[in-house]
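Here is the structure we will look at, set down as structure tokens.
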2 protein chains.
Amino acid sequence: MDLRDGGTDIPEANLSLAERLFLTLRGEIVEGRIPAGSKVSEPELARRFNASRGSLREALMRLESLGLLERRVNVGARVVELSERGLLELYDVREALEGMACRLAALERTEEDLVALRQMLSRHEQQEELQAGRAYFQPEGDFDFHFRIVQASGNDLLIDTLCNRLYYRVRMYRYQLGMASPRAKRAFREHSHIIEAIEAGDGKLAEILMRRHIRASRHNIEKKLR
Amino acid sequence: MDLRDGGTDIPEANLSLAERLFLTLRGEIVEGRIPAGSKVSEPELARRFNASRGSLREALMRLESLGLLERRVNVGARVVELSERGLLELYDVREALEGMACRLAALERTEEDLVALRQMLSRHEQQEELQAGRAYFQPEGDFDFHFRIVQASGNDLLIDTLCNRLYYRVRMYRYQLGMASPRAKRAFREHSHIIEAIEAGDGKLAEILMRRHIRASRHNIEKKLR
DNA sequence: CACCTTTAAATTGTCGACAATCTTGAGGTC
DNA sequence: GACCTCAAGATTGTCGACAATTTAAAGGTG
């Protein structure tokens, strides 16, 4: 693969080479093609993508700031290790941040936000009825839901922290520990109630429901892990 | 100034040059010596520190990932702009995250954490009595308080997000908009109550008190700003 | 005078090479 | 056999130079 001439499919052109490398590598790490905990060699990747080490280093540094890589001076970079503890920590942080996002969304949401949320919900409903018990609407559907609510909060710092930082770690855990939860039907009802609270402009309730939603998901994982 | 041979006072040696540049520049941005909103030129800074552009670029990218710099492809980097909106957004995120940190600290704190918190509190009490109404214990004292509670939460992701990411922005606002609040005496009482809740292991109360504490500070700022 | 075009200067992006540091494995010592 | 020493190899850190792009100013046109 050669990313130098925008000849690849995933990352659009007009970005810098370093940025395309960053996007490509991020995908491979999230999906586990570059395994968690493995060492990342600069010369090796540079050869693989026909890029210079400089551009590659820039990509690696962005991955580090995403929390997907750990770099140590004069030693090199490793893909972050996945652990039960790390996953649970992620849930606590999400509970706090998405709870706040939900409260703000209930207060700040525009009419377009509401339209989009309702459309998304009915789309998920159809999808869920179709797939009956198989409950595989989660991977994208659940993501959609949380993503859109955060966007509706209108707080750019919150949006950046969740959508550009934490969610890639969330996706990494989902891909690699395969968290296709069997909570689909129940999760859908919870989503539905949360959106109702946002429509009603009830920030306190919206926050409580979102926090409960995330905590239920966390408990579900905890049960599975033992 | 020449950072190449560790000859400077602030950043210790045995770090890479890029990291020393990062630490130095971070300080200058936080304290406003490099003004908010100003353009940052790579060749200029490289000359100033007798470093290559490569090492400097690495420092700039870390600053970008801290949210202190904004970089645009083929255009360059600017120091982030300070705005009323940005400050209020910061308070909302802190309310969510530090509230959670406080809850977790109440549940997870070690005996050493409690000793350190009590010591800190009595130190602040003495300091405050000394300085009577002048109320300047804030800049370091308030920082100490929030910092230590976050540490006691035991959640590494939370600690990293707050202490290595958001707090530099907080300090930047404090330095440059001079937020030496006149809430000193009241803030001290609030700190005291929060630590009591943590000692008692009452997570819910600790979270409520911390969120109220931060929101009060936010309201205080809002009042000042108009 | 406003506006577009063009050209030169400066800045950013990318690269390959050299120096400093770490890792690995062989060999020796107790 | 366990442990230390010390080289060879590989990897990371740093640098200066060239190419691509943007910015600015100069000049022309309506």
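A note on names: the letters A, B, ... follow the listed sequences, proteins ahead of strands, and every chain is numbered from 1. Note that these values count all heavy atoms, side chains included, but never hydrogens, waters or copies made by symmetry. What you are looking at is a predicted structure, and each value in this text was computed from that prediction instead of being measured.
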Checklist entry - Do the numbers put A/Arg26 on top of the ring of A/Tyr168, so that NZ or CZ is under 6.0 Å from the six-membered ring centre and no more than 45° off the axis? => result yes

Next on the checklist: Without decimals, in angstroms, what is the distance between A/Glu19 CD and C/dG13 P?
Outcome noted: 10 Å

Checklist entry - In terms of side-chain heavy atoms of A/Ser52, which of C/dC15, D/dG13, D/dC15 is nearest? => result C/dC15

Next on the checklist: Need one value for A/Gly76: base, sugar-phosphate or nothing, where a base atom within 4.0 Å counts as base even if backbone is also close, heavy atoms only.
Outcome noted: sugar-phosphate

Next on the checklist: Using whole Å, what does the distance between atom C1' of nucleotide C/dT14 and atom CG of A/Leu56 come to?
Outcome noted: 12 Å

Next on the checklist: With heavy-atom distances below 4.5 Å as the criterion, would you say the side chains of A/Leu117 and A/Leu121 are in contact?
Outcome noted: no

Next on the checklist: Does the plane of the ring in B/His191 sit parallel, tilted or perpendicular to the ring in B/Phe145? Use 30° and 60° as the thresholds.
Outcome noted: parallel

Item to check | Phosphate OP1/OP2 of C/dG13: any A/Ser55 side-chain N/O under 4.0 Å | outcome: no

Next on the checklist: Closer than 3.5 angstrom, by distance alone: can the side chain of A/Asp92 be matched with the main-chain N or O of A/Glu89 as a donor-acceptor pair?
Outcome noted: no

Item to check | Euclidean distance, atom CZ of residue A/Arg53 to atom P of D/dG13 [Å, nearest integer] | outcome: 8 Å

Next on the checklist: Nearest to the side chain of B/Arg57, heavy atoms from C-beta on, is which of D/dT11, C/dG13, C/dT21?
Outcome noted: C/dG13

Item to check | Length of the CD-P vector between A/Glu64 and D/dG13, whole Å | outcome: 10 Å

Checklist outcome for this item: Whole-Å distance, B/Arg47 CZ to D/dC15 C1', equals 16 Å

Checklist entry - Taking the side chain of B/Ser41 as its heavy atoms from C-beta onward, which of C/dT11, D/dG16, D/dG13 lies nearest to it? => result C/dT11

Checklist entry - Starting at CE of A/Met61 and ending at C1' of D/dT14, how long is that distance when rounded to a whole Å? => result 13 Å

Next on the checklist: Quick check for you: to the nearest 0.5 Å, what is the distance between B/Arg94 atom CZ and B/Tyr167 atom OH?
Outcome noted: 5.5 Å

Checklist entry - If you check the A/Asn74 side chain, which of C/dT21, D/dT11, C/dT12 turns out closest? => result C/dT21

Checklist outcome for this item: Closest of D/dT23, C/dT11, C/dT14 to the A/Leu17 side chain is C/dT14

Checklist entry - Taking CZ from A/Arg72 and P from C/dT21, how many angstroms apart are they, rounded to a whole number? => result 17 Å

Next on the checklist: Does a side-chain N or O of B/Lys39 approach OP1 or OP2 of C/dT12 to a distance below 4.0 Å, or not?
Outcome noted: yes

Item to check | Residue met sooner reading DNA chain C from 5', once A/Ala18 and A/Val75 are mapped to nucleotides | outcome: A/Ala18

Checklist entry - Nearest to the side chain of B/Pro43, which nucleotide is it out of C/dT11, D/dG13, D/dC15? => result C/dT11

Checklist entry - Could you give the CD-to-P distance, from A/Glu58 to D/dT12, as a whole number of Å? => result 17 Å

